[in-house]
Amino acid sequence: MTTRRTVLKGLASSAAAGLLGPSILAKSASAATTSQGTWQISGSHWGAIKALIKGGRVAEVKPLESDPRPTDMIKGIKGLIYNPSRIKYPMARADWLDNRDKADRTTRGDNRFVRITWDEALDLFYEELERVQTTHGPSGLYAGATGWRQTGQFHSCTNHMNRAVGMHGNYVKKAGDYSTGAGQTILPYVLGSTEVYSQGTSWPVILDNSKTVVFWANDPVKNLQVGWNCETHESLPYFDDLRDKITAGEIRAISVDPVRTKTQNHTGCEQMYINPQTDVALMLALTHTLYAEGLHDQEFLDIYSLGFEPFMDYVTGKGDDGIEKTPEWAAPICGIDADRIREFARLLASDRTQLIFGWSVQRQQHGEQPYWMGAVLAAMLGQIGLPGGGISYSHHYSGVGVPQSGASMPGAFPLNLDLGKVPQHDNSDFNGASTVIPVARWVDMLLNPGGKIQHNGHDITFPDVKMAVFCGCNPWHHHQDRNKMREAFQALETVVTVDYSWNATCRHSDLVLPACTQFERNDIDMYGAYSNTGIVAMRKLVDPLFASKTDFDIFTGLCARFGRDKEYSREMNEMEWIEALYEEARSANGEAHPMPPFAEFWELGEVRFDRGEDWVRHAAFREDPEINALGTPSGFIEISSRTIGKFGYDDCGAHPKWMEKLERSHGGPGSDEYPLWLQSCHPDQRLHSQMCESDAYRETYAVQGREPVYISPQDAAARGISDGDLVRVFNARGQLLAGARVSEDYPPGVIRIHEGAWYGPEDASIGALDTYGDPNTLTMDVGSSKLAQATSANTCLAQIEKFEGTAPAVTAFGGPVEG
Amino acid sequence: MLDRELNSQAALFRLLSGLFFRELTAQDIALYREGAAEDIFLAAGRGTRVRQAVADFRTAIDAWPDQPDLTRDLSVEYARLFLLFSHDSAAPYASAYLEADGHLAGAPHARMQARLAAAGMALATENGEPLDHLSIMLEHLADLCAQPSAHAEAGAFVADELLPWTGRFSSAVAKAASPNSIYAAAARLCDAVLREYL
Amino acid sequence: MRMRSDGSAPPTGKAEWLSFLVLTLIVLPALAVIFVGGYGFVIWMSQIINGPPVVKF
Amino acid sequence: MSAKQTLVLFWDTLRSPPTTISLGVLAFGGFVTGIIFWGGFNTALEVTNTEKFCISCHEMSDNVYQELQETVHWENRTGVRATCPDCHVPHEWTNKIARKMQASKEVWGKIFGTIDTREKFLAKREELARHEWARLEANNSLECRNCHDYDSMDWDAMSDEAVFYMQPAAELNTGCIDCHKGIAHHLPEPSGDSPVIAELSGKAARSLSAGEDYYAYQPVALFSGEDMTTAAGNLSLGARVQVLETSGDTVKLSLEAWRKNKGYGRVLYDQFGMNTRVAVLEKDAAGDDTLVNAGAAQTDDNTGLDWSPVNVTLWANAEGFVADAGVLWDTAAESYASGCSGCHAQPDPDHFTTNAWPALFSGMVGFTNMDPSEQELVLAYLQNHSSDHSASH
């Protein structure tokens, strides 16, 4: 019999033998398996799942039986694991590999990568950290950006990156986030808490007590599909109850929104159309009516708030601008009839009213103002702290409104160094620059080293950053103004990215390290980010694909480069960590919330706790405002804030104000040239940019392979666009291709492209046409105000035209090219 | 078929397997320039397609510029074609062409897993490559070729698992590759040899 | 020979044996227990005031 | 016979030389009784130092003894076991005698049935446990170390996790009980106390001295008078007080603070314009000029609220205080770092102002497993180390 050995023997005399190299197959003892497959449990942002593992691969994914409203996105999970866009091996940008900090940076994004080994990759990572710390000090390194990492408390990649890089040296960090930057900055001054991430009044309380529910720029039915931890979807059935109560006439629900939302379509609530970005004007007119008609609750204001008078002076025209904010004043701005505004004000004051704000309204220029005005409006209605009354800024997020069980949840892998340990380069000299910068301003930082901006009462001095590390976060989706960003990225000598798929951040990096997906590792997660409904075992479904590794392994390897891997891992492996996190929670829960021993839990796959008690937000404050004071400077609701007033900012003053935007549709600035308001809200069929690459699932919503742009029939007709057409959307900042979806849900002057669409420019040049449809190709990168310096993504105008000619191929994703 | 020829055929599949699995080293480049592959090409067959592909292969080698960064450039092209996956790449996986949803590690991977397990073989390195990678399949084919008793099985394997997609793979490489690319020639040669194999 | 304080007659042998036995079997053991106990009590009290004994390793 | 006569007779008997008994008999008799006595004394000491004696009363045998049997100190693979006195009775003679005398308290307790039911025992368990913890903390876990010794530990035989925790403890020569509470008996049911507070109670000031400053590590109940009958409020965690007088278990405290002149003035803060809470008073106490002495109001420019300085004199039990605020802040800093880094890098305390912290903290603390006491302590830490907090303490 001829063996592979004789093959080589036959060629031994020939030079050809040298070409064959080592064989990639070898004898293996493992016997053939004839398994029917097993169902394994895991968790995800999209809910708990069960996966059928057959022949070493995930054959099928389905939601956990107990999930009351599984999201359709579960269908995209397989495509995420087995995606052709997966990063297979550690890769380095060729030019950078040869020339390092002297490499040509203008060619970032041109895809000239070569494969390197893990050892080479981690050596390079370490050498670059070392070079930057030695040459530039901690102000030369930006490693603070974070995002919606994959779920799992142990492998949470943000923690791994921060701990490992922090073990080597200090670095520039970020403050705040893109989702709620303006809201989380203004509300502590007004309501004494960030509010945006706070547990809200329980849904049963709202459904039983509210007579009017207002969804202000809010689409919970869309957004509650995903959660920060493993999502339970327990909040979604309440929208069926709401629909029934609306049908029965027991509750009036109103959606204040230019667009007919998914929530509106689901519950059948009413719509109060409003011109984009004019919410503050409407709310000012509402407060004017309440005051003028004596519908406001003066007693509540006296006991629970401060600064009503200066604000009312502004509303009644006694302020600096001398303008009275009557409904007639607001009507042309908001596009709402003055009488309708009055009726709305009377409705709000007529009975128990729950205001529920979404987040997108604060992702605009002066995004602090609508949130502040919402609190003022709620204070004047006097129902804050009452069951089914007052205001919420979080009911669309991660199952807020489902009562909390009270059980302790497993902790996470430590983000910090262990107590008493210091970094390898224990250097805190940032050359006079700030150590923390507002996250949405980091591109300004790159463009303007040494520059100064104001932020929340401080001055920020931009550090001169030379190297950036990104891990499980995709700034090339979440930051605004892609072309400005492309230019800014040329300031960086080295960009290291750890991720599992070739998103645009990887494509614009110098060193790319493949992490495995959460489905290729063992982990543990809380079930319900706010409800603490239970704990879910995230069992490894398959081994890491290609040469990918867990974040834990990657960063342990990095720390080994400077001899601190044992300290990093505490000499515990994956399962030891998971067991330790579980047992810690188990011991904290004691007999109050019994949990089985770890081995039993791991077999069962989940543990559940008893449902928590119904709860009312701000009720304690209402009951005793002195002892349960708010966290505001005064402890009371601050309708006017002297603290903010003293900052002296021209774009965020001592009380909420109406301010014109740099760009505004419906007759506002810039609308003559670019008449359409581009809304880039949270997507319906992915989680930010996660799962956009899942090809088969993307095909279920893409139009001609491009991201859909939603447009009104009127605007479409005026431009000769039909549903399904390829269109070019553009403004002075950029241009993109998208597929038109003509929908009655959209009013004239409003278009929508969901954020998270992957950026795929035609080439590496600045201004290149984006071939898939990333809305941030068009958005504006300015701070919301000097207070929050948050993103202003929703202050954006564009024009749209039918695309003629040959469309360039989509460059955003991998995948087979049909010959 | 002569034993010697059989061995050369196995060697040819192993040569192609290596070409799609790892980058060319400076030593490989020197050997190709010396014509070290010619012995192996003898086993490639005599059909028009094969002869054309072999000629293209030689042209590609002759077209290599005499520059020190040739290895780097070839690695960049290898990575772009087979590792990066974008509009200008060609996935070397059967699933990418045969699975309706375009997911990797689909049914062809599962079938390969069963085949390899039955043959008592596994990937030699700690590597999570899906088993329907062209190189793994060619390596398996080389093993079958080296066993005269497995001739029929080898033929069925080529017909069932490789030919359904190697043509499309070859076109994808041709479309994405640079002019005179050794990878385009290799993909075409692979497809041609397999067609002739039957 | 010294006189007894009240000038009474010296004790008889029987009384002396009784005294001896009472002293050795009852009084002195009782005194011993009282002293040791008292010592312990003093330590206890001192511990209440100065805190429990501190041992350095 | 009068008492005086008896004493005189006794004295005479002692000082008169024997007349009928020989010196040899006396010496021999004394020697023999001495041996017998000492033997008896020692035996009694030994007998009362056995587990059998300890569990001869049902208080011990039904409660702690049963619990011991569930632990490794009762049954393990090496067959060595600890008995009650191994851990609870000092081995050194002087301290052992002191402990024996102390046991008179237990006899008292037995006679009057202090813990003669399970309920009474459970109610008292925490106090009893704290006595033992305090004793072991003071003697650096001497009784544990009679058997367990850092120097004799085989690090290689330990699990990695054990080494991770044990080695630093060995380096610092930490006492065993500091970490290993509740290893032989059940821990006291948490009386609303968090583990963090329990940890601090081990570091509490044992006695308070007049004229010194102390810091509350748990909510300390305040009373209007020495009779401790009228509740006046509670000190908040981290509050600094000066002890004016001590009287048995109670102390008279003075608190220098500020209050807002909106509402009833029940909440006291440590500095002007700073929302760092130090006490919450009952409505009556807050309005009582004899207890609360308010100075001239000043307007806080950041809010427009008027604040008055107040000097409050109240009574409290002499427990719940530490002498060094550093102890509080170290514990809190550790809680903060571990509790807040699950989702994000926790900002430095001085990244925000004193008045900004409550809002930020309350917005995020729901994601942690901190209990209310721990939350209060950590917030106090953050506020006391914020960007604008004066470094007075």
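Just so you know, these numbers use all the heavy atoms, side chains as well, and skip hydrogens, waters and symmetry mates. In what follows, every chain begins at residue 1, and chains take the letters A, B, ... in the order their sequences are listed. Keep in mind it's a predicted model, so treat the numbers as computed, not measured.
Heavy-atom distances place the backbone of A/Ala529, and not its side chain, under 4.5 Å from chain D. Heavy atoms closer than 4.5 Å to chain A are found in the side chain of D/Val280, but not in its backbone. At a 4.5 Å heavy-atom cutoff, A/Ser640 makes no contact with chain D through either its backbone or its side chain. Neither the backbone nor the side chain of A/Glu195 comes within contact range of chain D, judged by heavy atoms closer than 4.5 Å. Residue A/Leu306 touches chain D through its side chain alone, counting heavy-atom pairs closer than 4.5 Å. Neither the backbone nor the side chain of A/Asn532 comes within contact range of chain D; no heavy atom of the residue lies under 4.5 Å from a heavy atom of that chain. Proximity to chain D (any heavy atom under 4.5 Å) is shown, for A/Glu567, by neither the backbone nor the side chain. Residue A/Tyr189 does not touch chain D at all, counting heavy-atom pairs closer than 4.5 Å. For a residue to count as touching a neighbouring chain, one of its non-hydrogen atoms must lie under 4.5 Å from one of that chain's; by this rule D/Tyr264 touches chain A with backbone and side chain alike.
When the options D/Asp301, D/Thr303, D/Asp300 are evaluated for a side-chain contact (heavy atoms from CB on, under 4.5 Å) with A/Arg642, the one that passes is D/Asp301.
Atom CG of A/Leu191 and atom OG of D/Ser362 lie 10.5 Å apart (nearest 0.5 Å). Distance NZ/D/Lys262 to CG/A/Asp302: 7.0 Å, rounded to 0.5 Å. In this structure, the separation between CG on A/Asn456 and CZ on D/Phe352 is 7.5 Å, given to the nearest 0.5 Å.
In terms of heavy-atom pairs under 4.5 angstrom with chain A, the leader among D/Asn302, D/Asp348, D/Asn355, D/Asn275 is D/Asn302. Of the listed residues (A/Pro188, A/Gly645, A/Ser198, A/Pro633), the one with the most heavy-atom contacts under 4.5 Å to chain D is A/Pro633.
Nearest heavy atoms, A/Glu626 versus D/Arg277: O-NH2, 3.8 Å. Taking every heavy atom of both residues into account, A/Asn416 and D/Ala337 meet most closely at ND2-O, 3.1 Å.
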